[in-house]
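For reference, positions follow the sequence shown, starting with 1. Reckoned from all heavy atoms, side chains included, excluding hydrogens, waters and symmetry mates.
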Amino acid sequence: MTVYNFAAGPATLPDPVIKQIQSELPSLQGTGMSILEISHRSAMFDDIINTAEQDIRDLMHVPDNYHVLFFQGGGTGQFAAVPLNLATNHHRIALLDSGHWASRAGDEATNLGVSVDTLASTKADHYQKLPQSNQSLSSSEYDYLHVTTNNTIEGTAYHTLPTHGDVTLVGDLSSNFMAEEYNVKDFGLIFGGVQKNLGPAGVTIVIVRDDLVKPVAHIPSILNYSLFVKKNSMFNTPPVFAIYATGLVLKWLKQQGGLAEIERLNRKKSALLYDYLDDSKLFTNYIKKSDRSLTNVPFTTDNADLDNQVIQAAADTGLMNLKGHRSVGGLRASLYNAMPIEGVQALVDFLHNFEQKN
Ligand SMILES: *Cc1c(COP(=O)(O)O)cnc(C)c1O
């Protein structure tokens, strides 16, 4: 049975990458040592981390005045690191409340003593569309505007970035990192854990403009951008295996033709599912059409028992992890970069057959 994993994260990885990890695991590049046991201070790992950085720069066309850093602690760690490093002038930030993760980011900044102005929220609409700010924002008021480009749980995405005046834009790209093209120059800082689109759990990528990296006193070193810049992301032991595996996924992305091609494929994959759902009399996706995510597609029969039957029957045929997040319920198919179009077709065929029988 062919298995397709629709999990929201950690998530499906490309088959060739899993096979390469398997074949190289006992002995990396003929050294007789595993990636699991080599030193982060070895020349071999230096090459791995520098190549990964260069491949990120190539794939995203990262301008030279931006740093590419590797952290641990996930997106959640960055919910603390970003305000600690960047909210140092006004101690005030703006936020668009587009869902669970945006609101968690706001809570963490608040915990750290930063004032958070929620410019707009679509909570009352169950986050089925995106909040847009119509205020004119000024850097004389805010240190930055926090935007969640893709809302993993709710299934929305900013395909066009919100207006932000001259205020620095901070993007949480956790769930559409390199799944959809953005212009790095439009952001002061981008972050995301790799476990949705780019690798196994354990490493968080931060891309930050040079002028925003300043020495900041009294913050934990492990979250300090200026220290990580100085130490080339090796202030302490980095997640060696996760960076290695992410490096393999980056090579795979290049072989697929880069991000323009990946986005084209992701549009095609998600359209296949959305078109079916829009025609279906049993299943519905409630997201406003222009705001729909390319990577996370929630849908439901509006009957919790029937939803559970679908999830179970799908798993019996190898279509795994279709349960929606507990806050939304229903089903959710995550269609990250490594999900082949054949997997989406298999899902649509399965849903169609289920609908015929019910
Ligand atoms: C998964 C996710 C997070 C949290 O990431 P962790 O790596 O689990 O801390 C934050 N933001 C978004 C948009 C996410 O999808």
Side-chain angles (χ1 to χ4, degrees), residues 40-41 49 52-53 56 62-97 100-119 137-149 164-174 177 184 186-195 201-240 242-243:
H40 62 292
R41 302 287 177 203
I49 193 168
E53 173 179 341
I56 292 168
V62 179
D64 286 344
N65 62 325
Y66 284 73
H67 302 281
V68 175
L69 306 172
F70 300 99
F71 283 86
Q72 300 188 59
T76 306
Q78 294 306 311
F79 291 168
V82 178
L84 287 171
N85 285 276
L86 264 53
T88 52
N89 196 8
H90 308 296
H91 307 283
R92 176 181 293 273
I93 66 167
L95 180 121
L96 289 168
D97 177 25
H100 172 91
W101 291 117
S103 137
R104 291 283 297 277
D107 291 347
E108 189 71 333
T110 305
N111 282 339
L112 293 166
V114 171
S115 302
V116 178
D117 283 2
T118 301
L119 302 180
L137 295 178
S138 163
S139 61
S140 64
E141 242 185 306
Y142 295 112
D143 287 310
Y144 60 87
L145 167 65
H146 179 105
V147 171
T148 312
T149 53
H164 52 103
D166 69 345
V167 173
T168 299
L169 194 61
V170 167
D172 175 358
L173 269 67
S174 294
F177 220 134
V184 174
D186 291 340
F187 298 88
L189 185 146
I190 284 171
F191 69 85
V194 302
Q195 74 272 21
V203 64
T204 314
I205 298 171
V206 172
I207 302 176
V208 57
R209 206 175 59 224
D210 186 52
D211 62 282
L212 297 172
V213 179
K214 292 166 290 202
V216 188
H218 310 302
I219 69 172
S221 303
I222 198 74
L223 300 177
N224 188 319
Y225 294 151
S226 136
L227 279 180
F228 270 62
V229 166
K230 250 189 239 147
K231 301 285 185 177
N232 195 24
S233 298
M234 291 208 266
F235 172 72
N236 70 328
T237 314
V240 171
I243 291 171

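- For the pair Phe228/Val208, no side-chain contact is recorded, criterion being any heavy-atom separation below 4.5 Å from C-beta on.
- Legend: residues meeting salt bridge (Lys or Arg N to Asp or Glu O under 4.0 Å) with Glu108, ordered by chain and number and at least two apart, are absent.
- Distance CD/Gln72 to OG1/Thr237: 8.0 Å, rounded to 0.5 Å.
- The two residues Val184 and Val62 make their nearest non-hydrogen contact at CG2-CG2, 4.3 Å.
- Among all heavy-atom pairs drawn from Arg41 and Met234, the shortest one is NH2-O, 3.4 Å.
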Identify each donor-acceptor pair in which a side-chain atom of residues 209-220 lies under 3.5 Å from a protein atom, sequence neighbours left out, and give them as a table.
from	atom 1	to	atom 2	distance (Å)
Arg209	NE	Asp211	OD1	2.6
Arg209	NH2	Asp211	OD2	3.3
Asp210	OD1	His67	NE2	2.7

Does His146 form a side chain to side chain contact (heavy atoms under 4.5 Å, CB included) with Val116? I'd like the steps, not just the answer.
CA-CA 10 Å; His146 179 105; Val116 178; over 6 Å; no

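- Of all the heavy atoms in Asn236 and Ile222, the pair that sits closest is ND2-CD1, 3.5 Å.
- Residues meeting the side-chain hydrogen bond (donor to acceptor under 3.5 Å, both in side chains) test with Asp172, sequence neighbours left out: Ser174.
- When all heavy atoms are compared, the tightest approach of Ser233 to Phe70 is OG-N, 2.9 Å.
- Partners of Asn224 according to the side-chain hydrogen bond (donor to acceptor under 3.5 Å, both in side chains) rule, which considers only residues two or more places apart in sequence or in another chain, do not exist here.
- Taking all atoms of both residues into account, the shortest heavy-atom contact from Leu223 to Leu84 is CD1-CD1, 3.9 Å.
- In plain terms, the two heavy atoms of Leu227 and Ser221 that are nearest each other are CD1-CB, 3.6 Å.
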Show your reasoning for whether side chain to side chain contact (heavy atoms under 4.5 Å, CB included) applies to Leu119 and Leu137.
CA-CA 10 Å; Leu119 302 180; Leu137 295 178; 3.7 Å; yes

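- Gln195 places no side-chain N or O within donor-acceptor distance of the main-chain N or O of Gly74, the cut-off being under 3.5 Å.
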Check the pair His40, Ile243 against side chain to side chain contact (heavy atoms under 4.5 Å, CB included), reporting the backbone distance first and the verdict last.
CA-CA 11 Å; His40 62 292; Ile243 291 171; over 6 Å; no

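- With Ile207 as the partner, the side-chain contact (heavy atoms from CB on, under 4.5 Å) test is satisfied by one option alone out of Leu189, Leu69, Ile56: Ile56.
- Between Phe235 and Phe71 there is no side-chain heavy-atom pair separated by less than 4.5 Å.
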Can you check side chain to side chain contact (heavy atoms under 4.5 Å, CB included) on Thr149 and Phe177, steps first, answer last?
CA-CA 9 Å; Thr149 53; Phe177 220 134; over 6 Å; no

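- His164 places none of its side-chain heavy atoms less than 4.5 Å from the side chain of Val147.
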Distance-only criterion, 3.5 Å: show the donor-acceptor pairs between side-chain atoms of residues 86-94 and protein atoms not counting sequence neighbours.
from	atom 1	to	atom 2	distance (Å)
His90	NE2	Ser139	O	2.7
His91	ND1	Ala87	O	3.1
Arg92	NH1	Asp117	OD1	3.1
Arg92	NH1	Asp117	OD2	3.2

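- Legend: residues meeting side-chain hydrogen bond (donor to acceptor under 3.5 Å, both in side chains) with Gln78, ordered by chain and number and at least two apart, are Tyr225.
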